[in-house]
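The figures that follow rest on heavy atoms only: side chains count, while hydrogens, waters and symmetry mates do not.
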Protein chains: 2
Amino acid sequence: MATAGSGKARSRTSDTYARIRDDVILGHFAPGSKLKIEALRERYGLGATPIREALSMLTADGLVERVDQRGFRVAEVSSGEFEELLAIRCNIEERALRLAMERGSEEWEEAIVLARYRLARTPRLGPDGSTKDLEWENCHKGFHMALTSACGSPILLRLCNQLYDENNRYRCIARLNPSARPNIYDEHEEIAEAVLARDADLAVRLIVEHYTTTGRLLHAALCSREEAAALKDQSAAAKAGPGHRAATRNPERV
Amino acid sequence: MATAGSGKARSRTSDTYARIRDDVILGHFAPGSKLKIEALRERYGLGATPIREALSMLTADGLVERVDQRGFRVAEVSSGEFEELLAIRCNIEERALRLAMERGSEEWEEAIVLARYRLARTPRLGPDGSTKDLEWENCHKGFHMALTSACGSPILLRLCNQLYDENNRYRCIARLNPSARPNIYDEHEEIAEAVLARDADLAVRLIVEHYTTTGRLLHAALCSREEAAALKDQSAAAKAGPGHRAATRNPERV
DNA sequence: AATATAGAAAATATCGATAAAATCTTGACC
DNA sequence: GGTCAAGATTTTATCGATATTTTCTATATT
């Protein structure tokens, strides 16, 4: 998830950006929850400046929302938005992938081989539980980013990154059980093979399938989650009685 | 260009974000030039915090680049990137436009009528020169954003905004003479008509043409600009003599 | 002449303090 | 019982100062 520390002198702002981003993506901060500066200051042991800068970046990434004079909060999620996200992502990745396959050098091919190996060797979950999860997430992102890395367009790379992160947040939030995708290993292998063979049409077909298959599962999980939330909301409203102030929206759930 | 001040209590950070963004888009800061905090502090009469926050947001928008420990600079431009940008933008806008036309209410229609009127009545250039230009830019952005505003997807709206801004920077930098697009008024009218008539295919065709026509001109202007720059670079290198330190890349040109 | 280097100058990144807003609380009032 | 408002509290937004890091400059070295 976090772009591994290849460059040297990272600033606190960059570190904090990565950390908060991961916390949002992994669902440590629930959608809609408030991100108080003071709380984050304490959590990460920093001054306000790097935190505010990191949050500002995340705002433009679409993971955090800012309202002037009343701070930052984690962006909301919805099944509708997820569908949109998925469609856009397929589009953008197709472009990037085709370009990368046209332009990619041997170095690029080697980077893919390496990323594939790392992903294959990393267990999805540690024996104890979710400890290893972050590492797998890193490898997974590394693999997908490697595929398009040679597209040669900064703007495409930026979008791929942002869309991956946003999509990934949905996956984490939906708490999709890894067993729901048993062939995920093979899918990655096939994709890598097609890309390395520079079979553009096949590669695109496979990757779009890869995304939409996960997408369908995610969508289902999200919808049932939304229904549950709606029910809870309803019953909460009923309990509070009619005429109660309509502050039920945007509950805190930090 | 700046999102007109409808909401009340805007923070200095938001104002600064809009101002720097406009300065970058309008070409007041040349591509690649350094954005020194102290200089901006002076220019806008503010502390460092809001400026750094604004720059951080622009970073994620793709208008500014940050390198840890050595500050911010205006993103570079290239004709290749512009092509990519244009293609992506057509894609995204098509999605957004179709959705908006499916979902748009009467309010949305009225917003378009209003934006069209404002754009039509605003002169491209004041009699004195470029004074009015900013106002026209505002109206132009307002018009284009109004078309897709009803798409219902925050992520699409965010992308439309970002891509509009990036595209617009290219237009400003290329210093395209308005007379190069004599029918621009009619084009906007036709687009508005098609959208209001909810003729999706026509509207999409018109808007893509609108973008690509400008795009072709822009592209040509950019290429000749790049050639000129390459020539200058070359002669500069020759003048400095061989063996001179290769610091010729990234000239300051503030 | 090219390279290396120590020190000076400039710029960035960050902190702690504070002013300005928002939010919450409490009690008066209809 | 519900609304409203003054005051207390929390939170945000911003500034000014400072530690770190980079960049520049002049000098010494091969």
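For A:Phe143, the ring-ring contact (aromatic ring centres under 6.0 Å, His included) criterion is met by A:His188, not counting sequence neighbours. Every residue was checked against the side chain to side chain contact (heavy atoms under 4.5 Å, CB included) condition with A:Ala111, not counting sequence neighbours, and none meets it. Among residues two or more places apart in sequence or in another chain, the salt bridge (Lys or Arg N to Asp or Glu O under 4.0 Å) test is passed with B:Arg70 by none.
Residue B:Asp15 contributes atom CG, which lies 13 Å from atom P of D:dA13 at whole-angstrom precision. When rounded to the nearest whole Å, the span between CZ of B:Arg12 and P of D:dT14 equals 6 Å. The CZ-P distance, from B:Arg10 to D:dT14, rounds to 11 Å in whole Å. The CD atom of A:Gln69 sits 7 Å away from the C1' atom of D:dT12 (whole-angstrom rounding). Atom CG of A:Asp68 is separated from atom C1' of C:dA20 by 13 Å (rounded to the nearest Å).
Residues in residues 33-65 of chain A take part in no ring pair (Phe, Tyr, Trp, His ring centres under 6.0 Å) pair, two or more places apart or across chains.
No side-chain donor-acceptor contact under 3.5 Å links A:Arg73 to the backbone of A:Ser33. Of the possible polar contacts, one joining the B:Thr16 side chain to the B:Arg12 backbone as a donor-acceptor pair under 3.5 Å is found. No side-chain donor-acceptor contact under 3.5 Å links A:Arg118 to the backbone of A:Cys139.
For C:dT12, the OP1/OP2 oxygens have no side-chain nitrogen or oxygen of A:Ser11 closer than 4.0 Å.
Using a 4.0 Å cutoff on non-hydrogen atoms, the parts of residues 39-62 of chain B near DNA chain C are B:Arg52, ordered by number.
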Review item, nucleotides 6-11 of chain C N/O atoms under 3.5 Å of protein N/O:
| residue | atom | partner | partner atom | Å |
| --- | --- | --- | --- | --- |
| C:dA11 | OP1 | B:Lys36 | NZ | 3.2 |

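Counting heavy-atom neighbours within 6.0 Å of A:Arg121 CZ, excluding the residue itself, gives a total above 12.
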